[in-house]
Every structure is written in structure tokens, then in C-alpha cells.
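Comments concern the structure below.
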2 protein chains.
Amino acid sequence: MASLGELERSVMTLLWDSAQPLSANEVCELLDEDLAVTTVLTVLARLEKKGMVQRERASRPHRYASVASREEHTVEMLNEVLGTVPDREAVLARFIGSVSDSEAAALRRILG
Amino acid sequence: MASLGELERSVMTLLWDSAQPLSANEVCELLDEDLAVTTVLTVLARLEKKGMVQRERASRPHRYASVASREEHTVEMLNEVLGTVPDREAVLARFIGSVSDSEAAALRRILG
DNA sequence: AGCAACTTTCTACACGCCGTAGAAGTGTGG
DNA sequence: CCACACTTCTACGGCGTGTAGAAAGTTGCT
């Protein structure tokens, strides 16, 4: 269970794209919506509880960073989806049948 | 958006595994929990609204069948997950790096 | 030390989804 | 036409999420 709401995802996207951990205020400014900083703090706390961000409590203001990279997290999601079926390979076969030629080529390359 | 709750998933599983369309009563009996038929009907109606089941309104009782196979649906889910990220291939690369040897072999076979 | 400004925590509310099902409505075989 | 089976309508409670004010905590300055 690591699915994200819309705002949660926006926040994660910022953290994923940032080289540095960010403060709640920085996140708040980078999000271009007009949100109270407490809203952002709530979301960050929830993401922390979900294990998706870690917070440096030492520094003031606290700084937040993603625990896993976007790719790692997305792979987890893929595996979660694949975990709902009895036959992963059947699904993967069909998935591969549905991707573009160039992506199929990329997959072949990756698989060596 | 075609994510499923727990009961919804149980119902879909029955429909996916059934060769024939099923009535609400049949679903209710096959689910081994002790649910009211109206509960099952509600869930089936919601699944219909989500576009996941189709209902034969002609026959009485109505019979319900899945619209897409389990594999088709799951592939849709995979694509939904992959749609949340700007670089599908980066995720797929990492995914492939995470699968077992035998599954990697299967993927190679599928890719031809 | 004491205040001002900033930051964090606590609490809360609304909304939508889901599990759950009773009450009321509708159709059908005898 | 009536009992029975089936369906629709309505509803409620819980949970996740977006949203944020009020209150509490911290820090730096004078």
C-alpha cells in the first residue's frame, strides 16, 4: 500500500526531482498552487508515515527527502499490481505484446 | 482509475475465473463470506459503473461478466502506473533488473 | 530574560470511495 | 392476482486525502 493522492504525488515529484532535501516552505513555493504551509506539512507527515519520505529532524526547518527513487517506487507499484494476479508471466506476456516496437527493442537490449 | 476494493476484487476474481456470466446470487454463494445479496448487487452495480463488468439485463436474474480479462485489466493497471512517470524505459529497466532469472528468461522468450 | 518571527504539531472538517445492508419497488410463474 | 425472487434506492460508518486554523514549540535578537 503505497498509492498516492494527487497532492501527495505532486510533493513526491518535487522531492524526486530535487537533488537536495527540501523544507516544507520550499515545497510549498515550488508547488505553484496556493496552499497553506500547514497543508504541505500535513502531507509531508503522511508521506513520512507511509515510509516514502525521510525527514531530517535535526535541522531547523526540517528537511524532507524521498526514501526511494521514483524508479524504485514505481517498480514497487508494478510488483504490487503484478502481485494481484496468479500468473505474472501471463500478464507480462500480454504487456509486452502491447508495447511499441521501439520499447520492445529497448527491452531486448536491457535483457541482454 | 480502475483500482479495486477488496470485495470488488473478490467479485472480479470470480467473474474472471468463470466461463459463464454469473448472477448476483451465484456470486454471493461463491464468495464464501456471509454477505447479503444486496451487498453483492451493490458491488456489481459499482463495477458496472466503473466499466469493469457488463450485465445482461435481458435475462432474469441479470447475469454479470467481466468486460476485460484479468490479464487485460492488469496490463491496463501496469500502464496506469507507468503513466505516472516521465521515463517509462528507466522504470522498465529497473523492473527487469529486479525479476528472477527464470522470469527474465521467459521475457526473452516472449520478446522473440 | 523576554519578545517576535518562524516552524511544527494537533485537531478538525468535507468529500469521495468502499463495505455493508434494509426498505421499497418491480416483474414472473403458478 | 399473488407469493416469491430479483432489483433499485437509500443510507450509514470507516478510511484516505485535501485542506487549514489554533496552539505549541524553537530560535535569534536586544
Side-chain angles (χ1 to χ4, degrees), chain A residues 1-16 18 20-66 73 76-77 80-81 84, chain B residues 1-16 18 20-66 73 76-77 80-81 84:
Chain A
M1 193 273 302
S3 78
L4 299 175
E6 189 138 359
L7 179 53
E8 289 175 331
R9 173 160 300 277
S10 300
V11 170
M12 283 312 298
T13 297
L14 288 178
L15 296 181
W16 279 324
S18 163
Q20 308 298 327
L22 299 175
S23 72
N25 257 305
E26 288 164 340
V27 170
C28 197
E29 280 158 27
L30 289 172
L31 290 170
D32 213 3
E33 302 143 59
D34 193 30
L35 293 175
V37 79
T38 52
T39 299
V40 174
L41 280 161
T42 301
V43 168
L44 285 167
R46 287 175 183 167
L47 289 170
E48 189 191 20
K49 186 180 314 183
K50 290 187 192 183
M52 301 216 37
V53 311
Q54 62 196 137
R55 126 161 55 178
E56 293 170 17
R57 281 192 148 89
S59 66
R60 196 124 197 131
H62 297 177
R63 310 213 150 249
Y64 300 81
S66 59
H73 170 255
E76 261 181 55
M77 296 283 90
E80 212 168 283
V81 168
T84 64
Chain B
M1 193 275 300
S3 77
L4 300 175
E6 190 137 357
L7 180 53
E8 290 175 331
R9 174 160 298 278
S10 301
V11 169
M12 284 310 298
T13 297
L14 288 179
L15 295 181
W16 279 325
S18 163
Q20 309 299 326
L22 298 175
S23 71
N25 258 304
E26 287 164 341
V27 170
C28 198
E29 280 158 26
L30 289 172
L31 291 170
D32 212 4
E33 302 143 60
D34 192 29
L35 294 174
V37 178
T38 52
T39 299
V40 174
L41 280 162
T42 301
V43 168
L44 285 167
R46 287 175 184 165
L47 288 170
E48 188 190 20
K49 186 180 314 182
K50 290 188 191 182
M52 302 214 38
V53 310
Q54 61 196 138
R55 127 160 55 178
E56 293 169 18
R57 280 192 149 88
S59 67
R60 201 139 190 113
H62 297 178
R63 309 213 150 248
Y64 301 81
S66 60
H73 171 255
E76 262 181 54
M77 296 282 90
E80 210 169 284
V81 168
T84 65

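Numbered from 1 within each chain, the chains take letters A, B, ... in sequence-line order.
Taking A/E48 as the reference, A/V53, A/R55, A/R57 meet the side-chain contact (heavy atoms from CB on, under 4.5 Å) condition, with sequence neighbours excluded. For A/S23, the side-chain contact (heavy atoms from CB on, under 4.5 Å) partners at least two apart in sequence or on another chain are A/N25, A/E26, A/P61, A/R63. Every residue was checked against the ring-ring contact (aromatic ring centres under 6.0 Å, His included) condition with B/H62, not counting sequence neighbours, and none meets it. Every residue two or more places apart in sequence or in another chain that forms a side-chain contact (heavy atoms from CB on, under 4.5 Å) with B/L31 is listed here: B/L7, B/S10, B/V11, B/L14, B/V27, B/E33, B/L35, B/V40. Scanning for side-chain contact (heavy atoms from CB on, under 4.5 Å) contacts around A/S3 gives an empty result, with sequence neighbours left out.
A straight line from CD of B/E56 to C1' of D/dT7 spans 16 Å, rounded to a whole angstrom. Regarding B/L44, its CG atom lies at a distance of 12 Å from the C1' atom of D/dT7, rounded to whole Å. Atom CD in B/E26 sits about 11 Å away from atom P in D/dT7, given to the nearest Å. Separating the CE atom of B/M52 from the P atom of C/dC18 is a distance of 11 Å, rounded to the nearest angstrom. Protein atom CG of B/L41 is 10 Å distant from nucleotide atom P of D/dC6, rounded to whole Å. We find that CD of B/E48 is positioned 18 Å from C1' of C/dC17, with the value rounded to whole Å.
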Protein-proximity profile, nucleotides 15-29 of chain D, B/S/- by nucleotide at the 4.0 Å heavy-atom cutoff, equals --BBBBBB---SS--

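At the phosphate of D/dA5, neither OP1 nor OP2 sits under 4.0 Å from any side-chain N or O atom of B/N25. Within the structure, a side-chain polar atom (N or O) of B/R55 is placed less than 4.0 Å from OP1 or OP2 of D/dT8. In this structure, A/H62 does not reach the C/dT7 phosphate: none of its side-chain N or O atoms is under 4.0 Å from OP1 or OP2.
Using modelled atom types, one side-chain atom of B/T84 and one backbone atom of B/V81 make a donor-acceptor pair closer than 3.5 Å.
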